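Here's the structure we're looking at; comments come further down.
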Amino acid sequence: ATVVIGYRGLKSTDGHLEAMYREHYVASVGIAKIGSEINAGRTMLVTMMAETDRAGMDKQHQSLQAVTKEINEDLEGLLKNKDMPQDMIDDLKGINDLWITFRDTRDNELVPLILSGNLEKARELGLGIQAERYKKIRELSDKLVEKEEGEGADEIKRADAEIATTTALFIGIGIIVSVISVILSIFLTRVIATPLAELSSAAEQIAKGDLTIERDLGRMDEIGQLSGSFTSMVRNLRGMMKNLKPPPVFPCPCRLYGSV
C-alpha cells in the first residue's frame, strides 16, 4: 500500500510538471521568442528607412526576410503542438491572423515604398495602421504569456500540494508502522522473551541444586509445552533423588584387626 500511494503521488506530481512544461512553458517561451523576433523585424524596418543607399536597404531587407521566416515557422510549430489546450490554440490563431495581415501589408506595401524612396508615404503607413497592428500583436502576445505563466504557476502549486500530501501520507504511515512495531515488540517480549528468561533463571537455580523450582506457565502454545516439560523434568529429578539409596557403611578395618 505504501508503494502504491508513493507511486501515485509521484505520478500525479510528474503529470503536473509535464503539463506545466508542455502546455505552459513551451507556449510562453515560444510566444516570447516570436515577440522578440517581431521587435527585431521592426528595428530592421526602421534601419532600412534610415539607409541612404540601396545596398544598405537590400541588406536590411534580407535580414527582415530571414526573421520573417523564423516567425512563420515558430507560429506554425506552436499551432501544431497537440499538447496545448484548445483555448491556447485559439489565442495563437488570433495572433497568427493579425501577424499575417501585418506581414503582408509590410512586404507588399511598406517595403516597396521604402525601396522606391517614397519615405513620407512609408512613414505614414508604418506609423498608422501598421503601428496599431504591431501594438495589438504585442498586447495579445503579452497577455498570452501572462496567462500561461499564471497557469504554469497553478500547476506548480498543484504539484507542491501533491508532494505535501504524499509526504504527509508517508509520515503518517511511518508513525503507524512505528507504533505497530513498538506494540509487537512489547507483545513478543511478554509472550516469548519474559517466559524464556524465567525458564533460564529456573534452570540456573536447578543447576545449583535447588529442585524445588517449578515453572508451569499454564499456556497451551510452544512456550507452555516447554515450561510443562521443564516442570516434569524437575519433578522427575526430585523423584530420582528420593529413590537414591544411601551407600553401604563398612566397618573400619582397624577394628577388625584389633579384635583378632
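Here, residue 1 is the first one in the sequence, and each next residue gets the next number. Treat the numbers as computed from the prediction; the structure is a model and nothing was measured.
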(message) Could you see if Val46 belongs to whatever hydrophobic cluster contains Leu110? Use Ile, Leu, Val, Met, Phe, Trp, Tyr and a side-chain cutoff under 4.5 Å.
(response) no
(message) Tell me whether Asp142 is salt-bridged to Arg138, with the criterion being a basic N under 4.0 Å from an acidic carboxylate O.
(response) yes
(request) Provide the full list of salt bridge (charged side-chain N to carboxylate O under 4.0 Å, His left out) pairs with a residue in residues 59-79, sequence neighbours left out, each pair given once. (result) Lys33-Asp74, Glu76-Lys80
(message) According to salt bridge (charged side-chain N to carboxylate O under 4.0 Å, His left out), who are the partners of Arg54, at least two apart in sequence or on a separate chain?
(response) Asp58
Atom [atom1] of [X] and atom [atom2] of [Y]: how far apart are they, to the nearest 0.5 Å?
X      : Y      : atom1 : atom2 : answer
Leu75  : Glu37  : CG    : CD    : 8.5 Å
Asn118 : Glu124 : CG    : CD    : 9.5 Å
Leu45  : His61  : CG    : NE2   : 9.0 Å
Ile71  : Ile100 : CD1   : CD1   : 12.0 Å
Glu132 : Leu98  : CD    : CG    : 11.0 Å
Asn39  : Ile34  : CG    : CD1   : 12.0 Å

What closest approach, in Å, do [X] and [Y] show between heavy atoms, and which atom pair accounts for it?
X      : Y      : answer
Pro112 : Arg106 : CD-O, 4.1 Å
Trp99  : Ile137 : CA-CD1, 3.8 Å
Val111 : Asp107 : CB-O, 4.2 Å

(request) Tell me, with the steps shown, if Lys143 and Asp91 meet side-chain contact (heavy atoms from CB on, under 4.5 Å). (result) CA-CA 10 Å; Lys143 184 178 179 180; Asp91 292 338; over 6 Å; no
Give a yes or no answer on whether the side chain of [X] reaches the backbone of [Y] with a donor-acceptor pair at less than 3.5 Å.
X      : Y      : value
Ser185 : Ser181 : no
Asn96  : Leu92  : no
Gln130 : Phe102 : yes

(message) As a quick check of understanding, evaluate side-chain contact (heavy atoms from CB on, under 4.5 Å) for Leu119 and Ile114, giving each step before the final call.
(response) CA-CA 6 Å; Leu119 298 181; Ile114 296 173; 4.2 Å; yes
(message) Among Leu184, Val177, Val182, Ile183, which residue satisfies the side-chain contact (heavy atoms from CB on, under 4.5 Å) criterion with Ile180?
(response) Leu184
(request) Test side-chain contact (heavy atoms from CB on, under 4.5 Å) on Glu120 and Leu113 and set out the steps. (result) CA-CA 9 Å; Glu120 184 177 351; Leu113 287 173; over 6 Å; no
(message) Using a 6.0 Å cut-off, check whether atom CD of Glu146 has over 12 heavy atoms from anything other than its own residue.
(response) no
(request) In sequence, state the C-alpha distance, the side-chain angles, and the governing distance for Gln60 and Leu64, and then conclude on side-chain contact (heavy atoms from CB on, under 4.5 Å). (result) CA-CA 6 Å; Gln60 293 299 324; Leu64 182 61; over 6 Å; no
